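One structure below.
Here the structure is a predicted model, which means the values were calculated and not measured. Start at 1 and go down the list; that is how both ligands and their atoms are numbered.
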Amino acid sequence: MLSYSFEPTLEFARKLDREDKLWHFRHEFYLKPGSIYMDGNSLGLLSKRAEKTLLESLDDWKELGIDGWTQGRHPWFYLSERLGEMMAPLVGASPEEVIVTGSTTVNLHQLVATFYKPEGTRTKILADELTFPSDIYALQSQLRIRGYDPDTHLIRVKSRDGRFLEEDDIIAAMADDIALIILPTVLYRSGQILDMKRLTEEAHARGIFIGFDACHSIGAIPHSFSEWEVDFAFWCNYKYLNGGPGCVAGLYVNRKHFGKLPGLAGWFGSRKDKQFDMEHTFTPAETAGAYQIGTPHVLSLAPLIGSLEIFAEAGIENIRQKSLQITQYLMYLIEHELKDFGFTIGNPRDDACRGGHVSLEHDEAARICKSLKENGVIPDFRAPNIIRLAPIALYTSYEEVWKVVQILKKIMKEKQYEKFTNEREVVA
Ligand SMILES: Cc1ncc(COP(=O)(O)O)c(C=O)c1O
Ligand SMILES: Nc1c(O)cccc1C(=O)C[C@H](N)C(=O)O
């Protein structure tokens with residue numbers, strides 16, 4: 001447990017920047033002058049290294065055509081595996097357990113198609129009522145495909161307060177009729193971290209497979225998926241991992257499941273040496289690579305090469321440490337400067353239970369976000385009342401956090417938000 005001691009002055013913010021071990025990484029990113037980016041938990045910023053590896057892949061296409069698959073600087077045929085290897089330390093897995101493929105939602109479909117094996121009275125899927133909607137849509141459709149009614153077969157653990165989930169409630173819902181559990185690692189609104197180790201142990205004690213949506217934890221917090229024996233996980237690479245909009249996603253399958261036939265098979269799931277035999281008998285890879293489907297979007301993989309180099313150099317433990325400190329600093333300033341303006345901090349306060357963003361609640365949240373944007377601060381809004389603010393360890397400075405709170409204070413004091421409607425934008 002870290003202990004923090006802050007002061008509210010600009011000078012103190014600058015002191016924290018001088019002490020920041022990750023400071024030099026900030027210069028690797030394209031930061032817009034006059035703007036403070038607090039939305040890296042939704043879409044991370046472009047780094048120069050990510051741009052470089054993307055341009056190299058484009059150039060390989062220009063120069064090599066089809067031979068880019070094997071002779072490019074980052075041979076495309078092995079790129080999903082190579083990136084899986086680079087990403088494995090971020091999820092606490094061995095290189096063969098991770099593959100970079102598909103999209104978050106497609107990977108969830110693949111993993112449910114693979115791991116959901118309804119048998120006898122064990123036919124239901126357990127999720128929660130706070131999870132990201134795409135996951136719920138995917139689970140509902142998977143149930144329908146198997147002939148089950150999602151209204152009766154998708155069980156959603158309730159939240160007691162609309163913000164958090166209680167692990168005890170989730171465990172209590174692990175009944176004999178549950179065949180599969182899908183939960184978030186970090187909740188997308190409140191930033192709560194679920195105790196993945198405990199939930200995995202409890203699921204396994206009842207003979208249930210468990211998988212996690214790690215979209216809001218990958219690149220922000222360390223994981224130990226292999227050690228905890230999590231059965232599978234999936235995530236996007238465009239948030240904290242800065243892979244770019246719609247970047248190819250990730251999945252992890254514990255090695256004890258290697259050999260399990262993919263529910264959704266395709267030729268990129270083949271053993272590499274067999275793939276071009278073009279046989280109609282599928283020979284799956286003996287790794288997580290088996291859960292690929294078709295040709296990867298190479299130009300959406302390429303930025304990750306540069307981006308993951310940065311993560312390897314910075315170290316996920318250092319990233320987590322700064323993330324905890326800078327979000328704690330943000331909460332401190334909010335409490336110090338904004339106490340008269342009706343804000344509530346809606347994320348857990350304990351370091352062990354909170355992810356990489358601060359969830360600030362206010363009745364006027366939608367229009368406060370619009371006002372922040374007008375003042376050069378980029379947050380995001382999640383209905384009905386959340387302003388998500390994510391200072392990112394690799395590129396946000398303490399001085400920027402200080403400025404954000406000063407800007408917020410001015411907006412509230414002058415009621416600048418009143419000129420906007422309190423409704424979300426098309427993309428909030
Ligand atoms: C927790 C979570 N799950 C799933 C998704 C959906 O991901 P995608 O649109 O990449 O399939 C997102 C983000 O959009 C998310 O935050
Ligand atoms: N995937 C997104 C998109 O295609 C457009 C805008 C935002 C997103 C997001 O990732 C939102 C994000 N998953 C969230 O936590 O709300």
Checklist entry - Do the side chain of Asp231 and the main chain of Phe209 share a donor and acceptor less than 3.5 angstrom apart? => result no
Checklist entry - At a 4.0 Å threshold, what atoms of ligand 1 neighbour a non-hydrogen atom of Lys239? => result 13 (C), 16 (O)
Item to check | Sole residue of Lys413, Lys410, Lys409 in salt bridge (Lys or Arg N to Asp or Glu O under 4.0 Å) with Glu337 | outcome: Lys409
Checklist entry - Would you call Lys370-Glu374 a salt bridge at under 4.0 Å N-O? => result no
Next on the checklist: Heavy-atom pairs closer than 4.0 Å: do any link ligand 1 to the side chain of Thr105, the backbone, both, or neither?
Outcome noted: both
Next on the checklist: Students often mix this up, so state it plainly: with edges at 30° and 60°, are the rings of Trp69 and Phe77 parallel, tilted or perpendicular?
Outcome noted: perpendicular
Item to check | Plane angle bin for His257 and Phe115 - parallel if under 30°, tilted between 30 and 60°, otherwise perpendicular | outcome: perpendicular
Checklist outcome for this item: Ranking Leu43, Asp213, Asn237 by closest non-hydrogen atom to atom 3 (N) of ligand 1, top hit is Asp213
Next on the checklist: Considering Phe132, Tyr188, Tyr137 one by one, which has a heavy atom nearer to atom 5 (C) of ligand 1 than any of the others?
Outcome noted: Phe132
Checklist entry - Take atom CH2 in Trp23; do more than 12 heavy atoms of anything else shown fall under 6.0 Å from it? => result yes
Checklist entry - Which of the listed options, Leu187, Thr131, Thr104, holds the heavy atom that is closest to atom 7 (O) of ligand 1? => result Thr104
Next on the checklist: Angle between ring planes, Phe212 versus Phe225, binned at 30° and 60°: parallel, tilted or perpendicular?
Outcome noted: parallel
Checklist entry - Are Asp177 and Lys124 close enough for a salt bridge, meaning some N to O gap below 4.0 Å? => result yes
Item to check | Ring centre gap for Tyr329 and Tyr398 strictly below 6.0 Å | outcome: yes
Identify all pairs of nitrogen or oxygen atoms, one from ligand 2 and one from the protein, separated by less than 3.5 Å, and list them with distances.
| unit_1 | atom_1 | unit_2 | atom_2 | d |
| --- | --- | --- | --- | --- |
| ligand 2 | 1 (N) | Tyr238 | OH | 3.0 |
| ligand 2 | 10 (O) | Lys239 | NZ | 2.8 |
| ligand 2 | 13 (N) | Lys239 | NZ | 2.6 |
| ligand 2 | 15 (O) | His216 | NE2 | 2.8 |
| ligand 2 | 15 (O) | Arg388 | NH1 | 2.9 |
| ligand 2 | 15 (O) | Arg388 | NH2 | 3.3 |
| ligand 2 | 16 (O) | Arg382 | NE | 2.7 |
| ligand 2 | 16 (O) | Arg382 | NH2 | 2.8 |
| ligand 2 | 16 (O) | Arg388 | NH2 | 3.2 |

Checklist entry - What protein heavy atom sits nearest atom 16 (O) of ligand 1, and how far away is it? => result His216 NE2, 2.8 Å
Checklist entry - What residue and heavy atom of the protein are closest to atom 13 (C) of ligand 1, and at what distance? => result Tyr238 OH, 3.4 Å
Checklist entry - What atoms of ligand 1 come within less than 4.0 Å of a heavy atom belonging to Asp135? => result 3 (N), 4 (C)
Checklist entry - Can you find a side-chain donor-acceptor pair between Asp39 and Tyr37 that sits under 3.5 Å? => result no
